[in-house]
Amino acid sequence: MLSAQAPLRPSRGVVTLASPRYSKIEAILHKSPVAERSQLSPRAADAQGIAAPAPVDQDYAEGAEVWMGNHRFVCTHALGRGSYGEVWRAKVISGEKDLKEVALKEVLCQSQGELQQAIFEVQVLLALERAAQVQQEGIQLRVPRCIAYKVGASPQGWRVRTAMTVAPGESLDCFIRRPAPAGCSCLKALRKALVLVGRLLRDIGPSLQLLGPIAWHRDVNSHNILVDGAQHDSPELCESASFWLIDFGLAVDSQSWVSETGKWRTEYIGGDSRYWPPSSWIMHLVGPEGFDRRPDLCEQYQRRLDIHGLGITALELLCSMTMACTPGHHEEELRPWLPILEAWKSYREAVWHWWSVVYAVFSTGGDLGPVQQQLVEERLIERLLDLLSRIRMALRRCAEELPQDKSRKLLRMIADMLDEGKTFDLREIQRLLGGPMIDAKPKPKRFHTSPSNGHVCSPLKAEVALQANRMHSARISHDAERREKLETSFPGHQSLLLRMQSFSAQLRERKVQEGATALELQLQQLRRKVVGQARHRLQHLAAEHVRRSETQQ
Ligand SMILES: Nc1ncnc2c1ncn2[C@@H]1O[C@H](COP(=O)(O)OP(=O)(O)OP(=O)(O)O)[C@@H](O)[C@H]1O
């Protein structure tokens with residue numbers, strides 16, 4: 001199934017672009033897809049003396065056999081479809097002992113940037129598993145475990161295939177949309193929702209905490225969270241529900257993202273705009289200049305996108321479940337909650353509308369510029385800040401009126417997650433809801449590996465190349481020597497990838513960095529132009545308004 005949000009998301013490409021972009025401004029600034037593709041298409045890579053990829057694998061289909069290293073799988077049925085390929089459930093025929101089935105994901109990449117991003121997705125899963133293993137207390141990660149992965153050729157470029165464990169359940173957005181059981185009262189639904197929200201935060205919080213030093217997911221929402229065991233009528237039984245975070249396809253390296261000159265300034269915006277904090281809209285509509293005199297929002301964009309996404313998802317779960325039922329006559333207990341439900345309703349109406357306006361243009365490949373301008377004129381950012389402030393106020397007021405300590409703290413916690421003024425610490429979740437405390441201090445240590453043709457993932461051995469795109473020229477010659485050695489022992493894709501990384505680093509060194517300053521200038525000019533036009537239009541509207549009022553008088 002094609003996800004409803006999928007087309008809204010920008011390309012996975014980090015710098016290069018092959019598919020339609022979300023932002024017109026960014027699109028203008030990038031070279032044409034054709035030029036980008038030709039930079040390192042398999043043919044071009046071949047011309048550079050890079051080894052040709054292995055023969056094309058069988059497509060995923062019922063009964064199709066898939067090989068990855070020592071693993072052999074047989075596809076049974078499609079689990080889902082995303083914007084970059086399909087995910088299939090498959091039986092394990094041979095490979096890891098006791099492993100019965102896997103989810104096979106395939107990401108089709110048309111440019112080197114997309115290839116890097118697809119590999120990064122796998123590397124993040126590996127790094128996360130490794131981070132969980134070094135924790136003193138046993139942590140049950142609620143993300144799929146990477147079993148094996150493989151890079152192969154596809155007619156358009158490459159395909160990255162990953163075998164991972166199957167996360168149980170269904171996507172949370174399907175669960176939320178399902179009609180409530182007949183006769184269910186609002187109060188009962190609310191009690192059940194509170195249990196589930198607690199479980200959601202308790203399951204996803206630690207994974208995000210471990211993820212923080214490695215990457216930002218950037219797409220935390222009800223579509224990318226699966227829920228299992230939540231269909232019970234009784235709130236008590238819902239205590240055993242579990243939530244899983246999937247789809248790390250838009251993740252970015254958190255260490256190079258953050259800082260004064262970090263990549264947050266220049267990289268494309270990712271994720272589903274219904275779960276964006278105001279800072280993402282600022283970036284989308286105005287650019288980094290929009291953070292002038294707004295340090296809290298700038299900090300939010302750099303460090304707390306996932307926390308905000310999780311907070312909105314929690315609130316969505318709480319309110320949607322409660323609002324799906326009809327209030328009974330004697331539900332006085334519901335009274336303190338009503339302002340929360342009203343604030344959520346207003347938020348949902350406005351934000352879902354903004355999302356659909358952008359979605360409509362994006363899905364037809366239209367020009368986003370006028371829409372962006374219109375949203376600036378509509379004062380989207382100020383309105384969103386206001387809607388969120390109303391939500392926080394309603395949550396905190398309700399918390400004051402509640403007798404039950406746990407619900408009270410839960411509401412305050414969600415309010416803090418949605419507050420750009422608060423430096424929300426994910427450990428708050430364990431403090432309130434229990435679970436092992438995680439030592440997730442940022443680790444400067446980086447890991448290195450290259451995907452191989454059928455690489456079998458052992459997180460202990462897995463060294464993840466999180467900073468392949470940060471290679472410095474001084475390191476290139478050293479790496480070249482290392483690569484020479486590696487190529488003799490690991491031919492095929494490993495060699496291809498290593499050469500590509502080197503080629504990419506050299507390109508960046510020689511060409512891209514030369515143009516970076518010019519591009520940055522161009523970007524600033526364009527952003528200024530858009531904001532200038534919007535300001536001009538606002539002034540015009542204001543003048544017209546004054547003129548009309550004077551005429552009426
Ligand atoms: N490990 C998994 N276990 C179970 N189901 C999965 C798993 N991974 C993916 N799926 C299913 O496949 C669907 C698509 O997967 P995923 O979101 O990773 O693909 P994508 O191409 O990145 O999608 P998107 O367009 O949303 O970015 C998911 O919505 C989910 O239903």
Side-chain angles (χ1 to χ4, degrees), residues 3 5 79-80 87 103 124-125 128-129 131-132 138-145 164-178 189-212 216-232 234-251 271-272 274-275 305-322 324 406-407 409-411 413-414 417-418 424 426-436 438 440:
S3 85
Q5 300 100 311
L79 273 170
V87 180
V124 169
L125 289 183
L128 251 181
E129 194 186 351
I139 306 275
Q140 199 196 354
L141 263 184
R142 298 290 192 179
V143 301
R145 180 166 67 86
M164 56 189 149
T165 49
V166 179
E170 60 177 335
S171 75
L172 184 57
D173 64 345
C174 290
F175 173 79
I176 285 173
R177 281 203 306 266
R178 189 160 306 129
L190 173 69
R191 288 202 193 106
K192 189 174 149 178
L194 277 169
V195 172
L196 289 177
V197 167
R199 291 299 329 183
L200 166 74
L201 300 181
R202 197 178 146 168
D203 283 352
I204 306 298
S207 296
L208 287 183
Q209 210 186 317
L210 280 179
L211 181 68
W216 305 133
H217 184 286
R218 296 202 307 164
D219 207 9
V220 177
N221 59 54
S222 60
H223 178 67
N224 284 332
I225 291 177
L226 303 190
V227 57
D228 186 43
Q231 67 287 355
H232 306 288
S234 122
E236 289 72 34
L237 287 177
C238 287
E239 289 283 0
S240 59
S242 65
F243 291 82
W244 299 77
L245 180 63
I246 59 164
D247 192 3
F248 289 71
L250 290 177
D272 183 325
R274 291 169 293 188
Y275 300 79
L305 297 177
D306 294 345
I307 288 176
H308 186 90
L310 184 61
I312 292 288
T313 310
L315 188 65
E316 181 185 21
L317 177 60
L318 182 73
C319 298
S320 306
M321 280 184 71
T322 312
K406 192 168 165 190
S407 305
K409 286 186 180 161
L410 200 61
L411 294 190
M413 196 157 70
I414 299 173
M417 291 170 94
L418 303 178
F424 183 81
L426 280 162
R427 277 176 300 184
E428 284 298 320
I429 295 177
Q430 285 107 303
R431 279 189 209 116
L432 170 63
L433 302 169
I438 291 171

Quick check for you: to the nearest 0.5 Å, what is the distance between [X] atom [atom1] and [Y] atom [atom2]?
| X | Y | atom1 | atom2 | result |
| --- | --- | --- | --- | --- |
| D247 | H223 | CG | NE2 | 7.0 Å |
| D272 | N224 | CG | CG | 8.5 Å |
| L226 | D203 | CG | CG | 12.0 Å |
| M417 | E428 | CE | CD | 10.5 Å |
| R145 | M164 | CZ | CE | 12.5 Å |
| L432 | Q430 | CG | CD | 10.5 Å |

Item to check | Test side chain to side chain contact (heavy atoms under 4.5 Å, CB included) applied to L433 and M413, step by step | outcome: CA-CA 11 Å; L433 302 169; M413 196 157 70; 4.2 Å; yes
For [Y], is there any backbone N or O sitting under 3.5 Å from a side-chain donor or acceptor partner on [X]?
| X | Y | value |
| --- | --- | --- |
| N221 | D219 | yes |
| R199 | E239 | yes |
| R218 | L250 | yes |
| D306 | H217 | yes |

Checklist entry - Step by step, would you call I414 with V197 a side chain to side chain contact (heavy atoms under 4.5 Å, CB included)? => result CA-CA 10 Å; I414 299 173; V197 167; 4.0 Å; yes
Which heavy-atom pair separates [X] from [Y] by the least distance, and what is that distance?
| X | Y | answer |
| --- | --- | --- |
| A314 | L201 | CB-CD2, 4.1 Å |
| S222 | I176 | CB-CD1, 4.3 Å |
| M321 | A189 | O-CB, 3.5 Å |
| V166 | A103 | CG2-N, 3.6 Å |
| A241 | G229 | CB-O, 3.4 Å |
| L245 | P144 | O-CD, 3.3 Å |

Would you say that [X] contacts [Y] through its side chain, given a criterion of any heavy-atom pair below 4.5 Å between the two side chains?
| X | Y | answer |
| --- | --- | --- |
| L196 | L318 | no |
| H308 | I312 | yes |
| T313 | F243 | no |
| R178 | Q231 | no |
| W244 | S207 | no |
| F424 | I307 | yes |
| L172 | E316 | no |
| V227 | L200 | no |

Checklist entry - Could you walk me through whether V87 and I246 pass the side chain to side chain contact (heavy atoms under 4.5 Å, CB included) check? => result CA-CA 12 Å; V87 180; I246 59 164; over 6 Å; no
